[in-house]
Amino acid sequence: GRKMAANVRVVMISGISCGGKTTVVKKLCNSILHSISLHQDDYYVSEEEVVPRSPQGTLLWDSPGALDTNGLAAALGAIMSQPQEHCSWCSTESTAAASHIVFIEGTLLLEIQSVMQHVKRGFFVTLDYDTSHERRRDRIYPGNSDPVGYFDKWVWPAYLKSFEAAKHDGRIVLVNGSKSIAQLYNTILLGVQAELAC
């Protein structure tokens, strides 16, 4: 038969670093039928490539220049045009689903227009400075702790910039990141279910 245009809703989950976004998206994809996830963190360029540096030579991983934004946008486009090819739910069923939901997750998404133009609904995880700083400090990236002052100079300002954009974007709901992962998940799940009911 004729191929119908894919019915795909793109839901963004962004906000503070170490806010539980990746964990929540994994849980959502396990509980919402025909959901697909896409993670900003899979699209960092390598250090040898053009990661921006501060005047002091610090690698600025918390800036869009550290990402392969074209690759991320292309991946989203590929999912949107043929969602069943990327959907683990579809691969276990005899017929492909009529509609899909894509969760795209990351701290810098609001700065990537080629991604944001496809977003139908967004959730932005907020957190106060002290808790955020503490979580970031306690999260050990293998061989990769932040240089002294990096959080204050680069991470927090990047968050505030995205927070400002999120507040003025009618598609985006602000979510309190100081709650437990379970509460965060439930809040976003309810929002997603309301969106799917539309």
Side-chain angles (χ1 to χ4, degrees), residues 6-44 62-81 83 86-87 99-128 131-132 135-136 155-198:
N7 177 11
V8 181
R9 289 178 199 234
V10 179
V11 174
M12 178 203 74
I13 302 194
S14 189
I16 194 70
S17 169
C18 306
K21 298 180 299 299
T22 308
T23 308
V24 165
V25 165
K26 283 182 179 149
K27 282 170 72 82
L28 287 167
C29 282
N30 284 332
S31 56
I32 295 177
L33 285 169
H34 299 291
S35 53
I36 302 162
S37 65
L38 192 55
H39 301 274
Q40 167 196 294
D41 286 5
D42 294 336
Y43 290 87
Y44 278 102
D62 291 80
S63 62
L67 294 170
D68 173 12
T69 53
N70 291 337
L72 181 58
L76 179 58
I79 292 171
M80 289 178 71
S81 63
H86 302 268
C87 175
S99 62
H100 288 81
I101 183 164
V102 181
F103 291 107
I104 184 164
E105 170 270 315
T107 53
L108 297 165
L109 298 175
L110 279 126
E111 296 200 47
I112 308 172
Q113 188 46 45
S114 54
V115 166
M116 289 305 296
Q117 67 185 11
H118 299 296
V119 169
K120 180 92 168 43
R121 169 69 66 210
F123 298 90
F124 188 90
V125 181
T126 63
L127 202 58
D128 64 276
T131 312
S132 173
R135 282 192 193 171
R136 176 101 178 186
V155 178
W156 188 248
Y159 162 72
L160 291 179
K161 184 179 177 188
S162 286
F163 181 41
E164 271 310 302
K167 281 194 297 195
H168 297 104
D169 188 321
R171 298 169 294 176
I172 298 176
V173 178
L174 302 180
V175 185
N176 181 350
S178 66
K179 299 195 182 323
S180 69
I181 289 287
Q183 288 172 301
L184 198 59
Y185 164 75
N186 284 329
T187 302
I188 293 175
L189 179 64
L190 286 171
V192 168
Q193 286 170 336
E195 174 62 34
L196 290 174
C198 291

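In this text, all values refer to a predicted model and were calculated from it rather than measured experimentally.
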Derivation of the side chain to side chain contact (heavy atoms under 4.5 Å, CB included) call for Ile32 and Phe103: CA-CA 11 Å; Ile32 295 177; Phe103 291 107; 3.8 Å; yes
What pairs with Lys26 under salt bridge (Lys or Arg N to Asp or Glu O under 4.0 Å), at least two apart in sequence or on another chain? none
Distance in Å, [X] [atom1] paired with [Y] [atom2], rounded so as to fall on 0.5 Å steps:
{"X": "Glu105", "Y": "Lys21", "atom1": "CD", "atom2": "NZ", "result": "6.0 Å"}
{"X": "Met12", "Y": "Phe124", "atom1": "CE", "atom2": "CZ", "result": "7.5 Å"}
{"X": "Leu189", "Y": "Gln193", "atom1": "CG", "atom2": "CD", "result": "4.0 Å"}
{"X": "Ser17", "Y": "Leu108", "atom1": "OG", "atom2": "CG", "result": "9.5 Å"}
{"X": "Thr22", "Y": "Asp41", "atom1": "OG1", "atom2": "CG", "result": "5.5 Å"}
{"X": "Leu28", "Y": "Ile188", "atom1": "CG", "atom2": "CD1", "result": "6.5 Å"}

Can a side-chain donor-acceptor contact be found between Gln40 and Thr107 if the only test is distance below 3.5 angstrom? yes
For residues 165-189, which residue pairs pass the salt bridge (Lys or Arg N to Asp or Glu O under 4.0 Å) check, not counting sequence neighbours? Glu164-Lys167, Asp169-Arg171
[X] side chain near [Y] side chain, heavy-atom distance below 4.5 Å:
{"X": "Arg135", "Y": "Leu127", "answer": "yes"}
{"X": "Leu38", "Y": "His86", "answer": "no"}
{"X": "Pro83", "Y": "Ile36", "answer": "yes"}
{"X": "His118", "Y": "Val8", "answer": "no"}

Which atom pairs, one a donor and one an acceptor, fall under 3.5 Å between side chains of residues 109-117 and the rest of the protein, sequence neighbours left out?
from	atom 1	to	atom 2	distance (Å)
Glu111	OE1	Lys161	NZ	3.2

Qualifying residues under side-chain hydrogen bond (donor to acceptor under 3.5 Å, both in side chains), relative to Tyr43, sequence neighbours excluded: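 Tyr43 satisfies side-chain hydrogen bond (donor to acceptor under 3.5 Å, both in side chains) with no residue once adjacent residues are dropped.
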Sequence neighbours left out, what passes side-chain hydrogen bond (donor to acceptor under 3.5 Å, both in side chains) with Ser31? Give chain and number order. Tyr185
Throw together a table of side-chain donor-acceptor distances under 3.5 angstrom for residues 62-72, partners on residues two or more places apart or in other chains.
from	atom 1	to	atom 2	distance (Å)
Asp62	OD1	Arg136	NH2	3.3
Asp62	OD1	Tyr150	OH	2.8
Ser63	OG	Leu60	O	2.9
Asp68	OD1	Gly71	N	2.8

Once the angle between the rings of Trp156 and Tyr159 is folded into 0 to 90°, is it parallel (under 30°), tilted (30 to 60°) or perpendicular (over 60°)? tilted
Hey, does the side chain of Ser14 reach the backbone of Gly106 with a donor-acceptor pair shorter than 3.5 angstrom? yes
Strictly distance-based, threshold 3.5 Å: is any side-chain N or O of Arg121 a donor or acceptor partner for the main-chain N or O of Gly191?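 Not at all, since once roles are kept as given, no pair shorter than 3.5 Å links the two residues.
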Under the side chain to side chain contact (heavy atoms under 4.5 Å, CB included) test against Ser132, which residue among Ile16, Thr126, Val155 passes?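 By the side chain to side chain contact (heavy atoms under 4.5 Å, CB included) criterion, Ser132 pairs with just one of Ile16, Thr126, Val155: Ile16.
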